[in-house]
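Below is one structure; the comments refer to it alone.
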Amino acid sequence: MNILLTGSEGFIGKHLHNSLRDLHNVIGLDKKLNQDILNTDLPDEVDLVIHLAGSSGVRHSLDNPQEYWENNVEASRIIFNKYKDKRILYASSSTAAEPHMNPYAASKFLMETMAPENSIGMRFTTVYGPNARDDMLIPMIERNAVQYINVNHHRDFIHVYDIVCAIKTIMKSSITGVVDVGTGFSINLNDLMTSLGMNVEKKIGKHYERLDNLASINILKELGWNPKYKLLEYLRKEND
């Protein structure tokens, strides 16, 4: 199968590419390869599209809304129009459930509203694992570099390997629309730090951030997928 994978050099994209390349012809596309969807000739011979490219992060979107419009909305519009007759799996976000809260959430919600009928938006929760961005919470915990946490926030943390397995499960299915991709369990950030024996400054989260991004994973479970990784076990093993 010829699979177009956008964002192939990103956190999730690299892991997915490594997992698919032995069985499929994966055509990677990424800005890091000097390929911008906004001005790149897209391949015609494609059987499946996995669209992971785009800008991420709530706080960065507040100061750079135009970037999120271009990289998430306009770039996705190009992908959706080009491959409207193909099966498309695309990266949405748990933030899309409350699109009024910030430009990132709004951009992901708009992607969902304009996606073709034969597509599935994957609302990822909070992803962690090897090669995650240094500014994400779990890598900061691993480096003992957390400066503060929001005590009123709960997060559904999912390992990138579970994300890859979920995407491969969705590939084999015919589901369309939008599906949550998380563990179905969220943990309070203050409780997380306490469990790890870490004492950091405590704050109340900003109004533009979700209080809880808990995923509903019944659809994925019906497809035979279940998460294998547990956050606390992962962190304690990493620190051994």
Side-chain angles (χ1 to χ4, degrees), residues 5-7 10-13 15-16 48-61 68-69 71-73 75-77 79-80 87-129 132-133 136-138 153-187 205 208-229 231:
L5 174 60
T6 75
F11 174 31
I12 298 173
H15 288 287
L16 183 62
L48 174 72
V49 178
I50 304 177
H51 176 41
L52 303 182
S55 295
S56 61
V58 168
R59 296 175 190 174
H60 183 70
S61 75
Y68 284 71
W69 177 264
N71 292 338
N72 293 353
V73 180
S76 297
R77 192 191 310 276
I79 293 291
F80 293 160
R87 174 80 163 151
I88 303 174
L89 282 60
Y90 65 94
S92 185
S93 164
S94 59
T95 63
E98 296 179 280
H100 62 283
M101 298 188 75
N102 54 75
Y104 175 55
S107 71
K108 289 298 185 179
F109 177 75
L110 287 170
M111 287 171 59
E112 294 179 356
T113 63
M114 66 185 187
E117 289 185 4
N118 190 32
S119 64
I120 180 74
M122 301 174 291
R123 285 186 173 180
F124 300 141
T125 56
T126 308
V127 190
Y128 68 95
R133 295 196 323 269
M136 299 177 75
L137 178 59
I138 302 307
H153 283 180
H154 290 71
R155 291 292 176 261
D156 186 335
F157 292 97
I158 181 169
H159 195 283
V160 67
Y161 293 168
D162 281 332
I163 288 278
V164 168
C165 288
I167 293 174
K168 292 169 72 173
T169 297
I170 294 169
M171 283 173 56
K172 298 174 185 177
S173 77
S174 59
I175 60 172
T176 59
V178 175
V179 62
D180 286 355
V181 184
T183 66
F185 171 81
S186 64
I187 185 170
Y208 51 76
E209 297 176 298
R210 296 193 75 195
L211 295 179
D212 194 342
N213 69 343
L214 176 66
S216 174
I217 60 172
N218 291 336
I219 293 175
L220 286 176
K221 282 187 171 183
E222 290 174 1
L223 295 175
W225 175 89
N226 277 288
K228 296 180 180 179
Y229 290 82
L231 177 62

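Looking at heavy atoms from C-beta onward, I88 lies out of side-chain contact with N118 at the 4.5 angstrom threshold. R87 places none of its side-chain heavy atoms less than 4.5 Å from the side chain of M171. Between D156 and D180, every side-chain heavy-atom pair lies at or beyond the 4.5 Å cut-off. At a threshold of 4.5 Å between non-hydrogen side-chain atoms, the residues I170 and W225 do not count as touching. Under the 4.5 Å side-chain criterion, counting only non-hydrogen atoms from C-beta, L231 is not in contact with F185.
Atom CZ of F124 sits about 8.5 Å away from atom CD1 of I158, to the nearest 0.5 Å. Rounding to the nearest 0.5 Å gives a distance of 10.5 Å between CG of L220 and CD1 of I167. I175 CD1 to M122 CE: the interatomic distance, rounded to the nearest 0.5 Å, is 9.5 Å. To the nearest 0.5 Å, atoms CZ (R133) and OG (S56) are separated by 4.0 Å. Note: E98 CD to Y208 OH = 15.0 Å, rounded to the nearest 0.5 Å.
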(request) Evaluate the side chain to side chain contact (heavy atoms under 4.5 Å, CB included) criterion for residues K172 and L223: first the C-alpha distance (whole Å), next the side-chain angles of each, then the deciding distance (0.1 Å), finally the verdict. (result) CA-CA 9 Å; K172 298 174 185 177; L223 295 175; over 6 Å; no
(request) Show the numbers, then the answer: is there a side chain to side chain contact (heavy atoms under 4.5 Å, CB included) between V58 and M101? (result) CA-CA 9 Å; V58 168; M101 298 188 75; over 6 Å; no
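When each of S76, S92, S93 is paired with E112, the side chain to side chain donor-acceptor pair (under 3.5 Å) condition holds for S92 and for no other.
More than 12 heavy atoms of other shown residues, nucleotides or ligands fall within 6.0 angstrom of atom CG in L48.
Side-chain atoms of D162 never come within 3.5 Å of backbone atoms of P227 as a donor-acceptor pair (strictly under, hydrogens ignored). Formation of a donor-acceptor pair under 3.5 Å by the K108 side chain with backbone atoms of S94 is not found in this model. A donor-acceptor contact shorter than 3.5 Å links the side chain of Y68 to the backbone of G57. Judged purely by atom type and a 3.5 angstrom limit, T6 uses its side chain to pair as donor or acceptor with the backbone of L52.
Of all the heavy atoms in H153 and G205, the pair that sits closest is NE2-CA, 3.5 Å. Smallest separation of non-hydrogen atoms from S55 and N71: OG-ND2, 2.9 Å.
Side chains of N213 and T126: a donor-acceptor N/O pair is present below 3.5 angstrom, by distance only.
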